[in-house]
Each structure stands twice: as C-alpha cells, then as structure tokens.
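Just so it is clear, the values below take in all heavy atoms, side chains as well, and ignore hydrogens, waters and symmetry mates.
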Amino acid sequence: MIPYERRQILLTELEKQDMVTLSDFAKALHGVSESTIRRDLKILEGEGQIVLLRGGAAKIKTGSYDTPIHSRGLYKIKEKEAIARTAAQLVHDGEVIYIDSGTTCLKMISYLKNKRITVVTTNAMVVPSILETDINVIMIGGDVLKSTASIVGSITDNSLKDMFFDKAFIGATGYDLQSGINTPDSREANKKRIVKGNSSEVYVLADSSKSGKRTMCKAMELSECTIITEQETELLKEHANYILAKD
C-alpha cells in the first residue's frame with residue numbers, strides 16, 4: 001500500500017470518530033507496522049491536519065488554519081465529487097462563471113468540459129485540468145499561496161473588481177452562524193467578498209466537515225450565498241440556503 005492510500009485511510013478513520021487509537025489504525029490498515037503508521041501520523045500532524053495525543057492516539061485538528069492542498073485531496077473524496085458534480089449541473093452554455101481555489105471547486109472542471117462557457121479563476125491548480133477542454137479560461141494574476149494554490153492580493157482584487165459573473169463557485173475553510181463563510185487569510189476573504197458582490201448567484205462548495213468550523217476572517221454572511229454540501233445539518237436547516245449534492 002502506497003503512502004497516499006495509507007494516509008487516506010487514516011483520515012477516513014479520524015472522520016468517523018473524535019479520537020482514534022494506534023491499535024484502531026493498525027486494524028484499519030491490515031498489517032501495516034505501527035512504526036509506519038506513526039510515521040504517517042507525524043506527516044499529517046506536520047501538515048496541520050491532525051493532533052497527536054499520548055499513547056499514539058490522534059484526532060482531527062480544528063482551528064484557524066488551512067490544510068495544504070495535497071492533503072485536502074485525501075479527505076472526503078466521494079463527497080467532494082458529488083458536490084462538484086451538483087455544482088456543475090447549475091452551469092449553462094453561454095455563462096461566465098468564477099471558480100475559486102480549493103479542491104472541491106477544482107473538481108468541477110471535469111464536469112464542465114463539454115460546456116461552452118467562460119471560466120474566470122484564481123485556482124492555480126486549474127491549468128492542467130482545462131488544457132484538453134473547450135472551456136475559455138481567464139486566469140487572474142497575483143500572489144500565489146503555495147499551501148492552498150490560491151491566487152490573492154492587490155493585483156487579484158483589482159482585476160476582479162471590474163469583472164462580473166453569472167455564477168460564482170467559492171471555497172471555504174468553514175462556515176458558522178457568527179463567522180459566516182470564513183477563511184484564515186484576510187486576503188482570501190477580501191477576494192471572496194469582491195466576487196460575491198459582482199456575481200448574480202453565489203454558491204459555496206463545502207462538505208459537512210466545514211459545518212460549524214470558525215476561522216479568523218469572515219468572507220460573507222450565510223444569508224448571502226447558497227451552500228452546496230452532501231449532508232443536512234441543523235445549522236443549514238435553521239440559518240442557510242443550501243443544496244444537497246446527489247450521489
């Protein structure tokens with residue numbers, strides 16, 4: 001089993017419960033040595049994904065941080081695919097749309113490849129995905145946040161201020177009643193606010209792990225967008241507009 005697969009299983013186990021022990025991880029990985037599991041857990045801890053506890057147990061880390069883009073791809077894969085596919089179904093030929101940074105937003109590209117649309121994006125990972133499609137793509141310049149492959153900053157903001165979109169598909173680190181759609185980075189939050197103000201319809205692509213999560217910077221209120229997610233929660237039912245992704 002390659003490291004990518006092992007770490008995906010570790011994150012899946014941590015998604016099921018608040019805390020997982022080393023023996024639980026060993027059972028899930030069917031014969032992988034404890035030393036290898038400890039090494040994988042150390043890597044995930046170094047990336048800010050998890051917190052290691054005494055005795056080899058671990059839990060998902062919460063708080064004001066953004067998980068590195070290559071690690072996010074290991075988490076809730078099926079759910080993100082369903083969210084991306086549902087989002088892409090909202091896009092029609094002839095539209096100009098904005099696609100934000102984030103792994104779920106990136107997954108939309110494969111479901112849009114046969115549509116005659118214009119995509120404006122600040123997702124640095126988009127380029128390889130669109131080379132073999134008919135999509136007209138405008139890549140916005142600026143400072144690249146390497147950990148999240150997001151393009152931000154004054155150059156980005158100044159470009160987006162003069163652009164208007166039929167629909168915007170935005171990523172988020174978390175969403176909460178008080179902190180709204182949020183992110184740890186003020187530049188990222190400002191970019192999302194500009195796009196929100198210049199879009200006829202605003203959708204936030206956020207799997208259920210983002211529900212109730214609060215980070216430092218509010219990008220917009222829950223009432224200012226529609227959240228596309230895979231699981232209904234009390235927070236959504238009481239305070240948000242939302243669409244449930246179909247499997």
Side-chain angles (χ1 to χ4, degrees), residues 63-66 72 79-80 82-92 95-108 112 117-123 138 140 142 145 148 150-154 156-245:
S64 295
Y65 73 100
D66 247 331
R72 285 196 237 171
E79 291 86 346
K80 290 178 179 180
I83 292 167
R85 185 169 57 249
T86 299
Q89 290 169 354
L90 300 171
V91 179
H92 306 292
E95 291 185 329
V96 177
I97 69 170
Y98 171 81
I99 291 183
D100 201 15
S101 58
T103 54
T104 311
C105 292
L106 179 63
K107 288 178 182 294
M108 284 184 67
L112 296 171
I117 59 174
T118 295
V119 170
V120 177
T121 186
T122 58
N123 190 324
I138 299 172
I140 302 298
L145 299 178
T148 58
S150 180
I151 303 171
V152 298
S154 59
T156 309
D157 293 348
N158 288 334
S159 297
L160 289 171
K161 284 176 183 176
D162 294 325
M163 292 183 165
F164 298 86
F165 313 106
D166 295 301
K167 296 181 177 78
F169 298 91
I170 291 174
T173 304
Y175 64 88
D176 172 81
L177 181 57
Q178 289 185 312
S179 60
I181 306 301
N182 59 77
T183 172
D185 193 289
S186 60
R187 296 167 297 175
E188 188 73 46
N190 194 57
K191 178 183 71 175
K192 296 179 194 301
R193 278 193 293 272
I194 292 169
V195 170
K196 182 261 299 181
N198 287 2
S199 302
S200 298
E201 298 175 43
V202 180
Y203 299 94
V204 172
L205 279 55
D207 64 67
S208 57
S209 69
K210 310 290 181 67
S211 180
K213 185 173 182 180
R214 181 183 301 183
T215 57
M216 187 173 70
C217 302
K218 177 188 285 189
M220 67 190 78
E221 301 289 350
L222 290 182
S223 60
E224 295 179 302
C225 64
T226 298
I227 295 173
I228 305 178
T229 190
E230 90 288 0
Q231 184 176 318
E232 191 175 57
T233 66
E234 289 302 316
L235 176 61
L236 291 174
K237 287 194 288 185
E238 294 180 13
H239 302 288
N241 299 312
Y242 63 96
I243 296 172
L244 289 181

I need the minimum non-hydrogen distance between Ser150 and Glu188, along with the two atoms involved. OG-OE1, 2.6 Å

Within a strict 4.5 Å, meaning less than it, do heavy atoms of the Ile151 and Leu145 side chains meet? no

For residues 174-208, which residue pairs qualify under ring pair (Phe, Tyr, Trp, His ring centres under 6.0 Å), counting only residues two or more places apart or in two chains? Phe169-Tyr203

Would you say Asn182's side chain and Cys217's backbone share a donor-acceptor pair under 3.5 angstrom? no

Closest approach of Ile170 to Met220 (non-hydrogen atoms, all atoms of both residues): CD1-CE, 3.8 Å

Salt-bridge present (Lys191, Asp100; N to O < 4.0 Å): yes

Flag side-chain contact, heavy atom, 4.5 Å: Leu222 against Leu235: yes

Please answer whether the main-chain N or O of Lys161 pairs with a side-chain N or O of Asn198 as donor and acceptor at a distance below 3.5 Å. yes

Residue that, paired with Ser208, satisfies side chain to side chain donor-acceptor pair (under 3.5 Å) out of Glu230, Glu79, Glu232: Glu230

Would you mind reporting whether Ile227 and Ile243 have side-chain heavy atoms less than 4.5 Å apart? no

Before giving the answer on side chain to side chain donor-acceptor pair (under 3.5 Å), spell out for Ser209 and Asp207 the whole-Å C-alpha distance, their side-chain angles and the decisive distance to 0.1 Å. CA-CA 6 Å; Ser209 69; Asp207 64 67; 2.4 Å; yes

List in chain and number order the residues that pass ring pair (Phe, Tyr, Trp, His ring centres under 6.0 Å) with Tyr242, two or more places apart in sequence or in another chain; answer none if no residue qualifies. none

Looking at side-chain heavy atoms only, is the closest gap between Ile140 and Leu160 below 4.5 Å? yes

